[in-house]
Protein chains: 2
Amino acid sequence: MQLRRIARVESSLTDAATAPKQGPEGAPEAWLVFSPDVLPALEGIAPGDRILVLTWLDRAERDVLRVHPRDDRANPMRGVFATRSADRPNPLGLHEVEVLAIDGERMHVRPLEAVDGTPVVDVKPVL
Amino acid sequence: MQLRRIARVESSLTDAATAPKQGPEGAPEAWLVFSPDVLPALEGIAPGDRILVLTWLDRAERDVLRVHPRDDRANPMRGVFATRSADRPNPLGLHEVEVLAIDGERMHVRPLEAVDGTPVVDVKPVL
């Protein structure tokens, strides 16, 4: 079960600790820059579409099983599968975004809370 | 970017070719059987919750970039990122289910279109 990077995030966000925790919480626009060899897989996606972007949160810790939700010690500990914590056994991020524009291998989306350089591993339509 | 299996699907579905394509299309109840070492990560999930289950669709083909949606040759070819095709560079499945019961390492959910033995790689709450 080896993932390959299909795109990378290009964003003004560089610090995961201070980035918004979810897209709707003030996350900026960003670009997804796709590998040229997967461009045929984008056929049919158009500006205005809502898509799910799956990322690999490569700054996360994989041996964490319980967290204080939202990094707030006032919140009682919960299992990471009951939260959207980035720290989890498989640090997959799930982001619903709007496609603003597509220019060759670059796709402009918003809002996206993933930081600059984050690997993208899948894109799916919202059903 | 190496995934680890956190659970496996136990289902009456055994043939991906004839399984429903999406949960709401008549998929059955199923069990997720978790690895004992990740059980603390489930704390806070309760019957009645709606969760997202991420699977690794290990029967899928990873070199397919365009498909006839829903395996229907009457549908024009589209890029796999514009579809929910299991065949895609990283064959991650995304399934929204209801938790029916939790019994130790076994979680009863519905509906789930993944076939018996499919590896589960993540669980997240629906936001």
Side-chain angles (χ1 to χ4, degrees), chain A residues 1-7 22-24 32 34-35 37-46 49 51-58 62-67 69 75-85 87-94 96 99 107 119-127, chain B residues 1-7 22-24 32 34-35 37-46 49 51-58 62-67 69 75-85 87-94 96 99 107 119-127:
Chain A
M1 301 199 289
Q2 181 82 45
L3 295 167
R4 58 162 295 206
R5 187 178 77 171
I6 60 159
Q22 296 295 328
L32 309 181
F34 286 84
S35 300
D37 62 301
V38 302
L39 291 185
L42 294 176
E43 283 180 33
I45 302 179
D49 288 353
I51 59 171
L52 298 171
V53 177
L54 281 78
T55 56
W56 182 256
L57 302 168
D58 53 355
R62 302 187 64 174
D63 56 355
V64 171
L65 296 179
R66 297 166 77 243
V67 294
N75 292 327
M77 295 280 275
R78 303 191 85 181
V80 292
F81 296 151
T83 79
R84 290 291 185 107
S85 168
D87 298 327
R88 54 204 309 119
N90 292 306
L92 292 163
L94 181 64
E96 183 175 334
V99 177
M107 182 185 291
V120 176
V121 296
D122 201 8
V123 168
K124 298 181 188 297
V126 173
L127 292 186
Chain B
M1 301 200 288
Q2 181 82 45
L3 295 167
R4 58 161 293 206
R5 187 178 77 171
I6 59 160
Q22 296 295 328
L32 310 181
F34 286 85
S35 300
D37 62 300
V38 302
L39 291 186
L42 294 177
E43 284 180 32
I45 301 180
D49 288 354
I51 59 170
L52 298 170
V53 177
L54 281 76
T55 55
W56 181 257
L57 302 167
D58 53 356
R62 302 188 63 175
D63 57 354
V64 171
L65 296 178
R66 298 165 76 242
V67 293
N75 292 326
M77 295 278 276
R78 302 191 84 180
V80 291
F81 296 151
T83 80
R84 289 290 185 107
S85 167
D87 298 326
R88 54 205 308 118
N90 293 306
L92 292 164
L94 181 64
E96 183 174 335
V99 178
M107 182 184 291
V120 176
V121 297
D122 203 6
V123 169
K124 298 180 188 296
V126 173
L127 293 185

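Every chain is numbered from 1 and lettered A, B, ... according to where its sequence line falls, protein lines coming before strand lines.
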Trainee: Is it the side chain or the backbone of A/D49 that comes within 4.5 Å of chain B heavy atoms, both, or neither?
Mentor: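 Contact with chain B is absent: no heavy atom of A/D49 under 4.5 Å.
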
Trainee: If you count heavy-atom pairs under 4.5 Å between each of A/R4, A/R84, A/R78 and chain B, which one has the most?
Mentor: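 The candidate making the most pairs under 4.5 Å is A/R84.
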
Trainee: Looking only at heavy atoms, what is the nearest atom pair of A/P125 and B/A82, with distance?
Mentor: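 Nearest heavy atoms, A/P125 then B/A82: CG-O, 3.6 Å.
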
Trainee: Under 4.5 Å heavy-atom distance to chain B, tell me which part of A/T83 shows up: side chain, backbone, both or neither.
Mentor: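 Backbone only.
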
Trainee: What part of B/P91 gets closer than 4.5 Å to chain A, counting heavy atoms only: side chain, backbone, both or neither?
Mentor: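 It is neither, since no heavy atom gets under 4.5 Å.
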
Trainee: Looking only at heavy atoms and a cut-off of under 4.5 Å, which of B/V67, B/L54, B/L127 has the most pairs with chain A?
Mentor: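 If we count pairs closer than 4.5 Å to chain A, B/L127 comes out on top.
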
Trainee: Is there a side-chain contact between B/L3 and A/L92, using heavy atoms and a 4.5 Å cut-off?
Mentor: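 A side-chain contact under 4.5 Å exists here.
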
Trainee: B/F81 and side chain to side chain contact (heavy atoms under 4.5 Å, CB included): which single residue from A/I6, A/L39, A/I51 fits?
Mentor: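 Option passing the side chain to side chain contact (heavy atoms under 4.5 Å, CB included) with B/F81: A/I6.
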
Trainee: Taking C-beta and beyond as the side chain, do A/L94 and B/D122 meet within less than 4.5 Å on heavy atoms?
Mentor: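 A/L94 vs B/D122: side chains apart.
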
Trainee: Counting only heavy atoms closer than 4.5 Å, note whether B/D58 contacts chain A via side chain, backbone, both or neither.
Mentor: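 Nothing of B/D58, per the 4.5 Å heavy-atom cut-off to chain A.
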
Trainee: With chain B, which of A/Q22, A/M1, A/Q2 has the greatest number of heavy-atom pairs at distances under 4.5 Å?
Mentor: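 Of the candidates given, the most pairs with chain B belong to A/M1.
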
Trainee: Report which part of B/R62 has an atom under 4.5 Å of a heavy atom belonging to chain A: side chain, backbone, both, or neither.
Mentor: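 For B/R62, side-chain heavy atoms alone lie under 4.5 Å from chain A.
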
